[in-house]
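Counting convention: from 1, in listed order, for ligands and their atoms alike.
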Amino acid sequence: MFARFRPAQLAPGVPLIELDELWARGIRGIVLDVDNTLCAWQWGRAEVPGPVAAWVAQARERGFRLCIISNGRPGRVAGVAEVLGLPFIARARKPFRGGFRRALELLGTEPRATAAVGDQLLTDVWGANRMGLYSILVSAISPREFAGTKISRLIESVIRHRLGLPGVYST
Ligand SMILES: [Mg+2]
């Protein structure tokens with residue numbers, strides 16, 4: 001019952017995801033969540049940590065195709081996408097498949113050649129798994145979260161416990 005929420009890979013943060021290892025797996029496309037994955041949640045501000053921006057640049061140089069997929073509002077997501085120079089899909093309604101399908105169209109990659117990176121089991125990992133993407137769970141950057149996210153984190157913490165996964169901020 002909980003297997004659908006199990007990530008294929010854990011990483012403490014985006015900068016620590018091994019690009020060579022992904023490439024060796026045949027991964028060519030990467031879809032990235034925004035809030036608490038690429039940056040901390042700040043009202044109206046898109047502040048991407050230096051190591052995250054450096055990782056994105058490295059991935060691009062390595063030949064990966066990247067895009068952003070977020071359930072957030074277009075205005076906010078566009079700010080982060082602009083900083084990183086990536087195409088984006090906002091209001092993606094993860095874990096539903098529609099946003100991921102559009103992301104795959106943008107990237108031009110097959111599901112099995114695509115990784116999805118995010119900090120939430122109930123949206124990022126579940127959505128990626130049901131689409132057949134290679135799911136990577138990262139630790140959330142900051143404990144500051146939207147009210148809705150705080151509620152879903154309660155459910156998530158139960159699932160994490162059942163799957164033997166580490167806590168939200170210590171993946
Ligand atoms: Mg997130």
Side-chain angles (χ1 to χ4, degrees), residues 2 4-17 22 29-53 55-56 59 64 66-84 86-104 106-107 114-131 133-161 163 165-171:
F2 294 111
R4 71 191 75 175
F5 300 110
R6 186 183 290 283
Q9 188 180 118
L10 297 174
V14 166
L16 295 166
I17 296 171
L22 288 186
I30 305 174
V31 299
L32 297 158
D33 173 53
V34 172
D35 287 307
N36 257 339
T37 295
L38 292 177
C39 58
W41 177 47
Q42 311 246 20
W43 279 110
R45 288 171 66 198
E47 268 190 34
V48 179
V52 171
W55 181 91
V56 166
F64 287 99
L66 300 111
C67 84
I68 281 174
I69 171 170
S70 169
N71 286 352
R73 287 177 294 104
R76 177 183 155 62
V77 179
V80 177
E82 194 180 340
V83 167
L84 293 170
L86 297 178
F88 70 93
I89 291 160
R91 290 199 217 279
R93 300 183 68 232
K94 294 178 279 183
F96 295 104
R97 293 181 181 88
F100 288 104
R101 284 205 191 97
R102 278 154 56 209
L104 290 172
L106 272 182
L107 295 175
T114 309
V117 181
D119 66 298
Q120 290 192 57
L121 290 188
L122 295 176
T123 54
D124 305 311
V125 173
W126 187 21
N129 286 349
R130 66 199 295 205
M131 276 298 289
L133 309 182
Y134 184 76
S135 53
I136 302 175
L137 179 68
V138 293
S139 299
I141 294 176
S142 159
R144 279 183 307 161
E145 302 202 274
F146 297 104
T149 304
K150 282 183 178 167
I151 292 164
S152 71
R153 288 289 194 202
L154 296 175
I155 302 163
E156 184 178 322
S157 67
V158 173
I159 300 171
R160 280 177 184 259
H161 184 73
L163 290 175
L165 295 170
V168 173
Y169 308 105
S170 56
T171 299

Qualifying residues under salt bridge (charged side-chain N to carboxylate O under 4.0 Å, His left out), relative to Glu145, sequence neighbours excluded: Arg153
Given the options Val117, Asp124, Val125, Val138, Pro7 meets side-chain contact (heavy atoms from CB on, under 4.5 Å) only with Val125
If we check side-chain contact (heavy atoms from CB on, under 4.5 Å) with Leu121, which of these qualifies: Leu137, Val168, Ile155? Leu137
I'd like to check the side chain to side chain contact (heavy atoms under 4.5 Å, CB included) partners of Arg97; sequence neighbours left out, ordered by chain and number. Arg101, Arg130, Met131
Which protein N, O or S atoms lie under 2.8 Å from the Mg ion (ligand 1)? Asp33 OD2, Asp35 O, Asp119 OD1
Partners passing side chain to side chain contact (heavy atoms under 4.5 Å, CB included) against Leu107 (at least two apart in sequence or in another chain): Val31, Arg65, Cys67, Thr109, Thr114
With a 4.5 Å cut-off on side-chain heavy atoms, are Leu133 and Leu104 touching? yes
